[in-house]
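These notes are about the structure you will find just below.
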Amino acid sequence: MNKKRVFSGVQPSGDLHLGNYLGAIKQWVEMQEKYESIFCVVDLHAITIKQNPEELRKKVIEIAKIYIASGIDPKKSVIFQQSDISEHAELAWILNTVTRMSDLYKMTQFKDKGGENENIGVGLFDYPVLMTSDIILYDTDVVPVGEDQKQHVELARDLAKRFNHQFGETFKVPDVRVNKEGARIMGLDDPTKKMSKSASSTLNYIALTDDPEKAAKKIMKAVTDNDGIIKYEKEKKPGVSNLLNVYSLLNEESIADIVKRYEGKGYGDFKKDLAEIVKQFLISFQEKYNAISDEEVRGILTNGAKKIKPIATETYKRTKKIMGLN
Ligand code: ATP
Ligand code: LTN
């Protein structure tokens, strides 16, 4: 039987953090064993916000390195750069013609990123259509993402269905997959909001490239509460619950087991141990990261694009044909 296909991506902008790793990339690594996997560095999405060209070029390499250091094996999965395949933008244009303004006004990420502002770029508004194109261009079965991207994948499903209904069966309708545990890692300085690289304070997140000692200090400074009991209660104890979640995912241990071990102990002990876990994780991650050369990554990206170009070409041709464009 043919393997099902997975597609996902991360933008080459800002610092990748534990939220991105635990919410998205970690599950990709597990999925690549069972699925035919395609992981993209979505540079065309990154330019919806102003980027410095030199930094963008570096960031693309950095993200691909992070994929590999996290365990994405270029022999098992395809890793490529979005702008290397022109069909992403071409298909996005076609999809624009079946997308309604009202579809995009509903997107919460657009609202969060300043949708009210008339001077905001059109690319930011159209961002979910390009994301739809990324996904359906490869007849994707499953899209693993963090909770915040669920709405975008649901739009991709709707647009694929709408197109199929209007023109005839053309696109596969993708499923979304959100990991139950890592779906929403919260900010260390404010556990009521998601950990985000665009946060105003660097105490909010632990970047995968953070100095391990400094990262450990951020855990020690993480906001908790005053009742001194280590238990998982998301609503009442968002800070402690978030730390338990991170502990459980990094140490691959159930929250119940961790809670049991810290019965009668204070936050100090708990944080100290978690700080050490985070530190060791970063040391080992960065060792792998530093062992990969830029040249090697460039080769992997080029090969990845070569490998999947025929799928993109075929889908785009099929789309043009059914619309009467060829
Ligand atoms: P940010 O808000 O940090 O700018 P983003 O969601 O805009 O992040 P990406 O960095 O491209 O943009 O996100 C990559 C992946 O990481 C997505 O699948 C997203 O859902 C996931 N992700 C981002 N933040 C978190 C988080 N705090 N917890 C879990 N998953 C997250
Ligand atoms: N918008 C996503 C990144 C992204 C993506 C995709 C994820 C762009 N295209 C296709 C999955 C599938 C984000 O995480 N900010």
Side-chain angles (χ1 to χ4, degrees), residues 5-28 31 37-49 51 59-60 62-63 66-67 70 80-83 85 88-89 91-92 95 107-114 123-124 126-138 140-157 159-160 174-202 204-208 238 241-242 245-246 249 312:
R5 190 173 288 155
V6 157
F7 184 100
S8 199
V10 169
Q11 303 186 69
S13 59
D15 293 327
L16 240 71
H17 51 68
L18 268 186
N20 300 128
Y21 173 73
L22 298 173
I25 303 174
K26 191 170 184 275
Q27 55 169 336
W28 305 355
M31 290 177 91
S37 306
I38 307 177
F39 300 116
C40 183
V41 181
V42 291
D43 53 352
L44 295 175
H45 278 101
I47 57 167
T48 56
I49 288 176
Q51 301 293 338
K59 222 36 189 199
V60 169
E62 182 186 310
I63 300 297
I66 286 178
Y67 288 179
S70 300
F80 79 106
Q81 179 174 356
Q82 188 184 28
S83 62
I85 309 271
H88 287 254
L91 182 61
L95 293 171
M107 296 294 118
T108 55
Q109 182 169 301
F110 176 66
K111 289 187 208 158
D112 292 347
K113 292 202 170 170
L124 209 58
D126 203 30
Y127 180 112
V129 178
L130 179 60
M131 183 161 159
T132 300
S133 169
D134 298 342
I135 296 167
I136 64 181
L137 195 52
Y138 298 100
T140 300
D141 294 288
V142 191
V143 187
V145 283
E147 179 76 38
D148 62 320
Q149 294 299 317
K150 204 172 154 194
Q151 193 188 29
H152 287 162
V153 184
E154 276 157 8
L155 176 76
R157 287 173 59 83
L159 293 182
D175 286 325
V176 65
R177 181 160 142 173
V178 175
N179 227 7
K180 225 170 91 204
E181 292 82 14
R184 211 167 141 80
I185 303 296
M186 310 308 277
L188 297 177
D189 61 343
D190 177 2
T192 61
K193 297 202 182 94
K194 75 161 196 157
M195 183 176 281
S196 168
K197 57 193 163 205
S198 30
S200 53
S201 160
T202 55
N204 171 276
Y205 62 85
I206 289 179
L208 295 170
S241 302
N242 188 42
N245 205 3
V246 172
L249 287 162

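What you see below is based on every heavy atom in this structure, not just the backbone, and it leaves out hydrogens, waters and symmetry mates. Predicted, not measured: the structure shown is a model, and the values here were computed from it. Order of listing sets the numbers, starting from 1, for every ligand and every atom in it.
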What atoms of ligand 1 come within less than 4.0 Å of a heavy atom belonging to Gln11?
-> 7 (O), 11 (O), 12 (O)
Purely on distance, is any nitrogen or oxygen of Ile185 under 3.5 Å from one on ligand 1?
-> yes
Does Ser196, backbone or side chain, put an N or O under 3.5 Å from an N or O of ligand 1?
-> yes
Near Ser198 (heavy-atom distance under 4.0 Å), the atoms of ligand 1 are 4 (O)
Can you tell me if Ile135 has a non-hydrogen atom under 4.0 Å from ligand 2?
-> yes
For ligand 1, does Met186 get within less than 4.0 Å through its side chain, its backbone, both, or neither, judged by non-hydrogen atoms?
-> neither
Before signing off on this row, confirm whether Gly146 and ligand 1 have an N or O atom pair separated by under 3.5 Å.
-> yes
Return the option from Asn245, Asn20, Leu22, Leu16 holding the heavy atom at the smallest distance from atom 22 (N) of ligand 1.
-> Asn20
Polar-atom distance check: Gly19 versus ligand 1, any N or O pair below 3.5 Å?
-> yes
So, does His17 sit close enough to ligand 1 that a heavy atom of it is under 4.0 Å from the ligand?
-> yes
Using a 4.0 Å heavy-atom cut-off, say whether Lys26 meets ligand 1 through its side chain, its backbone, both or neither.
-> neither
Numbered in order shown, the ligand 1 atoms found under 4.0 Å of a heavy atom of Ala24 are 15 (C), 16 (O), 18 (O)
Contact (N/O only, under 3.5 Å) between Tyr127 and ligand 2 | yes
Taking N or O atoms only and a 3.5 Å limit, does Gln109 qualify as a polar contact for ligand 1?
-> no
Are Ser13 and Gln51 close enough that a side-chain donor and a side-chain acceptor fall under 3.5 Å?
-> no
Look at Asp148 together with Lys194 and state whether they make a salt bridge at an N to O cut-off of under 4.0 Å.
-> yes
With side chains defined as the heavy atoms from C-beta onward, is the minimum distance between Ile206 and Leu188 less than 4.5 Å?
-> yes
Can you find an N/O atom of Ser8 closer than 3.5 Å to an N/O atom of ligand 2?
-> no
Can you list the ligand 1 atoms lying under 4.0 Å from a non-hydrogen atom of Met195?
-> 24 (N), 26 (C), 27 (N)
Any side-chain donor paired with an acceptor under 3.5 Å for Tyr127 and Gln11?
-> yes
At a non-hydrogen distance cut-off of under 4.0 Å, which region of Arg184 contacts ligand 1 (side chain, backbone, both, or neither)?
-> backbone
Validation row, ring centre Tyr138 to ring centre His88 under 6.0 Å = yes
